[in-house]
Every structure is written in structure tokens, then in C-alpha cells.
Amino acid sequence: MSHSVNSYAPLNFGMVGLNFGGYIADTLSHKPTGDLFKLTAVCDMDAAKAVDFGRRRGVKTYVDLDHMLADDDIQVVGLFTGPAGRAELLRRIIRKGKDVMTTKPFELDPVAARSVLEEAQSLGRVIHLNSPPPETPAYLQQIQQWQQEYNLGRPIYCRGEVLVSYREIPDGRWTDDPARCPAAPIFRLGIYVITDLIRLFGRVREVQVLSSQIFTQRPTADNAQLNLLFENKALGSVYATFCVDNGQHYGNSLVLHYERGTIYRNVFPVAYGRAEATSRLLLAATRDRCEVVIKELELPEISGSYQWEAFHSAITKRRSVPIPTDDIVHGIDVIAAMARAEQSRKTEVV
């Protein structure tokens with residue numbers, strides 16, 4: 001059933017999946033997001049977890065998705081389950097006339113992902129996720145502006161890194177399964193960097209993977225590197241690890257080399273735990289082969305941000321922000337090739 005919505009009232013939000021979804025629920029309890037969405041119900045297959053969470057938050061509790069979707073009070077759904085089979089869950093939600101916010105990685109199957117995104121558009125339903133987001137983030141717009149303004153030329157090489165320090169043990173979730181969580185640090189965190197690099201350097205042609213287990217007790221990797229060959233012949237790499245604590249966790253650093261200059265994002269150290277707070281950009285470009293131009297800029301938006309205001313506006317005002325279907329699906333194509341490469345230890349075509 002579709003709903004008429006008041007653009008000034010918070011939308012009733014049903015949360016599906018309470019592992020990571022519990023963190024998102026905290027976001028909904030604070031301004032400004034709390035002015036846009038009101039947590040109304042939660043759903044999780046773990047009945048004890050769902051009941052406990054619902055009691056503490058004073059919201060309705062479900063253990064069956066279809067039962068929650070039959071609740072006409074719920075206008076919007078947050079889907080924060082594991083990525084395997086997510087397209088079919090999304091299909092069930094949008095066919096009930098509800099819009100969806102979900103998360104990365106979007107899916108494991110690129111065909112299923114494209115199918116459900118195209119169905120959402122045909123039904124007039126909104127599906128947003130945090131990576132890639134529907135609107136180009138300000139830091140990417142600035143990088144693209146510098147590329148044009150300083151005539152940096154064609155892309156040559158890029159590198160992205162995300163560093164965190166986890167010491168994980170098996171818990172029976174999808175993160176324990178190498179088939180559902182390939183090159184785990186890249187699949188779980190490096191996807192943000194992959195998304196940014198696709199938007200900046202274009203489509204990827206081939207990939208290679210190296211991965212290892214250093215501290216983790218899971219059967220999946222905690223240290224991984226993905227090498228990229230882009231269709232425009234630029235090279236790239238994405239390094240993600242659960243093994244390093246240098247105080248710069250979740251910084252999603254980038255180094256972008258062009259013909260006539262380099263752009264850096266979050267490369268230089270800041271205070272402990274502040275690396276993920278902003279996007280700190282630095283440009284070093286040449287002019288007339290005799291001068292170096294240096295520009296610095298700090299922007300509040302970071303990789304992986306949920307664009308809650310854009311989501312609310314798309315629902316209440318039916319403002320047309322095209323779902324970046326090609327970017328989403330190509331990112332999944334890269335992940336699928338990465339999964340094959342981790343197993344084969346060979347170069348795989350995307």
C-alpha cells in the first residue's frame with residue numbers, strides 16, 4: 001500500500017536487522033535525522049534481540065518481515081541485513097509500497113541488484129544507500145572541479161586506504177563465510193574507496209587480490225589489497241586492514257595522480273579518532289612546467305555518509321534524484337571479480 005506523506009512530519013521508520021541497524025537507530029534518535037524519521041518498529045530474526053530492543057526503545061517488535069510490511073503505520077524501511085540475497089528483500093519491501101534506505105555492500109549478485117533497482121524506478125519507489133549515495137558528495141565535486149580548473153589531464157594512478165584495528169572471533173554471521181565476505185576488509189570497509197574511485201577514474205577492467213589472516217580468528221581475511229586496471233588504462237589499488245591502529249581509523253585516504261598534478265584526501269595525520277570526521281583535500285598541480293600550485297580545503301562530508309535529507313525529500317516531495325544504478329552495479333561487478341580473484345589468485349576480468 002502506498003502512503004500520502006506530510007513533508008513536515010517525521011516519517012515512521014521500520015528497522016530491519018539489528019546488528020548494524022542498532023547503530024542506525026541511534027542516528028534516528030538525534031537531530032537533524034530525528035526530525036525527519038521516527039523509529040516506529042524493529043524487525044530481527046533473533047526474537048530475543050528484537051523484543052529487548054523494542055522494549056528499550058518503546059517501539060513495535062516483529063520477527064517476520066512480511067508481518068512488519070503489513071503494518072500500514074510504517075512508511076519507510078531501513079534494511080540493514082547482510083548483503084547476500086538483499087535484492088529479494090528489497091523487492092518484497094518496494095512491492096508493498098514502502099521506500100527503503102539500505103547500506104553497502106548493496107548485494108553480491110550484480111544481475112539481481114540491477115533488476116531490483118530498475119523495478120524500484122518503474123514502481124516510483126525510492127531506494128537509497130550510503131555508498132554510492134544518490135547525490136555526488138561535496139568532496140568528489142571538489143576533486144572534479146580541481147581536475148577541470150587546473151587542467152590535470154588524464155588519470156594515471158590512484159590509491160585508497162582504510163585502516164582499523166579489530167581482533168575478531170567467529171560469531172556465525174555472514175562475516176565468517178569467505179564466499180559471502182570475500183577479501184573481508186575490502187568487502188566490509190574498502191567498498192567506500194572503490195565507490196569513490198569508480199566515480200573519479202571510471203570503469204574497471206581487471207582486478208587482482210592479495211589477502212591474509214594476521215590477528216583474526218574468523219575464517220575470513222583481516223588484511224587485503226585489491227589491484228585495479230581501469231578501462232582508461234589507469235592503475236589503482238585499494239588497501240584495507242583490520243590490523244593497524246595509527247589513530248587514523250576509517251579515514252578512507254585517497255591519492256589521485258593525474259598527468260599534471262595530484263590530489264590527496266585524508267592522507268596526513270590528525271588527532272586520534274578524527275580522521276573520519278571530515279574530508280581534508282590537498283591539491284599539488286603544475287603550471288607551465290615551472291610553478292607548483294598548492295590548494296587545501298576541508299569539507300564536512302565523508303565517504304559512506306547516509307544522505308537522510310535527500311532521502312526524506314525524495315519521498316515527501318517525490319523529488320527526482322536518479323538512483324545511480326550503473327555505479328552501484330559496476331561496484332558489485334568489481335566485488336564479484338574480486339571474490340573470484342581471491343580464490344584463483346589470478347587476474348580476473350570484471
Side-chain angles (χ1 to χ4, degrees), residues 10-63 65 68 74 76-84 86 89-90 93 99-106 127-133 137 162-169 171-176 180-181 184-185 187-193 195 218 240 242 245 249-252 272-278 300-312:
L11 302 178
N12 292 336
F13 194 100
M15 182 71 69
V16 181
L18 292 177
N19 287 321
F20 184 66
Y23 163 78
I24 299 298
D26 289 338
T27 301
L28 299 181
S29 66
H30 297 93
K31 293 179 179 293
T33 311
D35 293 332
L36 304 175
F37 301 96
K38 177 184 178 182
L39 185 67
T40 304
V42 295
C43 178
D44 197 282
M45 290 189 299
D46 184 332
K49 179 184 289 186
V51 169
D52 177 67
F53 194 98
R55 184 182 66 252
R56 287 187 288 108
R57 294 303 183 96
V59 299
K60 290 182 278 189
T61 299
Y62 295 94
V63 295
L65 175 60
M68 193 184 83
I74 297 171
V76 181
V77 172
L79 183 61
F80 294 93
T81 58
R86 187 181 291 161
L89 295 178
L90 288 167
I93 295 168
D99 303 295
V100 192
M101 175 66 85
T102 189
T103 190
K104 58 76 194 164
F106 183 75
I127 297 178
H128 282 189
L129 69 158
N130 63 329
S131 183
V162 54
L163 313 175
V164 298
S165 181
Y166 301 159
R167 300 295 184 266
E168 297 187 324
I169 60 174
D171 57 9
R173 298 170 55 228
W174 61 273
T175 45
D176 286 345
R180 292 188 292 164
C181 191
F187 187 65
R188 289 166 56 184
L189 295 178
I191 188 66
Y192 297 128
V193 173
T195 296
R218 296 188 192 272
F242 300 157
D245 181 5
H249 37 275
Y250 307 111
N252 294 304
Y272 193 97
R274 296 299 299 166
E276 64 174 322
T278 60
E301 197 166 10
I302 59 172
S303 293
S305 297
Y306 292 88
Q307 295 180 346
W308 293 108
E309 291 186 12
F311 183 48
H312 186 272

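Throughout, numbering of the chain's residues begins at 1 and tracks the sequence.
One finds the CG atom of L79 at 4.5 Å from the CD1 atom of I93 (value rounded to the nearest 0.5 Å). The distance from atom OH of Y192 to atom CD1 of I302, rounded to the nearest 0.5 Å, is 8.5 Å. Considering CG of L11 and CZ of F37, their distance stands at 5.5 Å, rounded to 0.5 Å. One finds the CG atom of L129 at 10.5 Å from the NZ atom of K104 (value rounded to the nearest 0.5 Å). Rounding to the nearest 0.5 angstrom, the gap separating the OG1 atom in T81 from the CG atom in L89 is 5.0 Å. One distance of note links CZ of F80 with OH of Y23; it measures 10.5 Å at 0.5 Å rounding.
Inter-residue side-chain proximity for L39 and F53 is flagged as met; some heavy-atom pair is nearer than 4.5 Å. M101 places none of its side-chain heavy atoms less than 4.5 Å from the side chain of I24.
Among all heavy-atom pairs drawn from P10 and G34, the shortest one is CB-O, 4.3 Å. In terms of heavy-atom proximity, Y306 sits nearest to T102 at CE2-O, 3.5 Å. Between S305 and P133, the shortest heavy-atom distance links the atoms O-CB, 4.4 Å. In terms of heavy-atom proximity, M68 sits nearest to C43 at SD-CB, 3.7 Å. For the residue pair V42 and A50, the shortest heavy atom distance occurs at CG2-O, 3.9 Å. The two atoms that bring C181 and R188 nearest to each other are SG-CD, 3.7 Å, heavy atoms only.
Every side-chain contact (heavy atoms from CB on, under 4.5 Å) that P105 has, sequence neighbours left out, goes to P83, F187. Residues satisfying the salt bridge (charged side-chain N to carboxylate O under 4.0 Å, His left out) criterion with D99, sequence neighbours excluded, are R125, R318. The salt bridge (charged side-chain N to carboxylate O under 4.0 Å, His left out) search around R180 returns D177, not counting sequence neighbours. Scanning for side-chain contact (heavy atoms from CB on, under 4.5 Å) contacts around V164 gives Y166, L189, F242, H249, Y250, with sequence neighbours left out. Taking the salt bridge (charged side-chain N to carboxylate O under 4.0 Å, His left out) definition, one finds that R274 meets it with nothing, sequence neighbours left out. Residues satisfying the salt bridge (charged side-chain N to carboxylate O under 4.0 Å, His left out) test with R55, not counting sequence neighbours, are D52. Listed by chain and number, the residues in a side chain to side chain donor-acceptor pair (under 3.5 Å) with T278 are R280, E298 (sequence neighbours excluded). Take E276 and apply the side chain to side chain donor-acceptor pair (under 3.5 Å) test, not counting sequence neighbours, and it matches no residue. Residues satisfying the side chain to side chain donor-acceptor pair (under 3.5 Å) criterion with T61, sequence neighbours excluded, are absent altogether. Among residues two or more places apart in sequence or in another chain, the side-chain contact (heavy atoms from CB on, under 4.5 Å) test is passed with L36 by W308, E309, H312. R218 is linked by a side chain to side chain donor-acceptor pair (under 3.5 Å) to E168, D171, T175, D176, counting only residues two or more places apart in sequence or in another chain.
Taking a 6.0 Å sphere around NZ of K60, one finds it holds more than 12 heavy atoms contributed by other residues, nucleotides or ligands.
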Derivation and outcome, side-chain contact (heavy atoms from CB on, under 4.5 Å), residues T103 and R86:
CA-CA 10 Å; T103 190; R86 187 181 291 161; 3.8 Å; yes

Can I get a per-line list of side-chain donor-acceptor pairs under 3.5 Å for residues 12-21, giving both atom names and the distance, sequence neighbours left out?
residue, atom, partner, partner atom, Å
N12, OD1, T40, OG1, 3.4
N12, ND2, D73, O, 2.9
N19, OD1, K49, NZ, 2.5

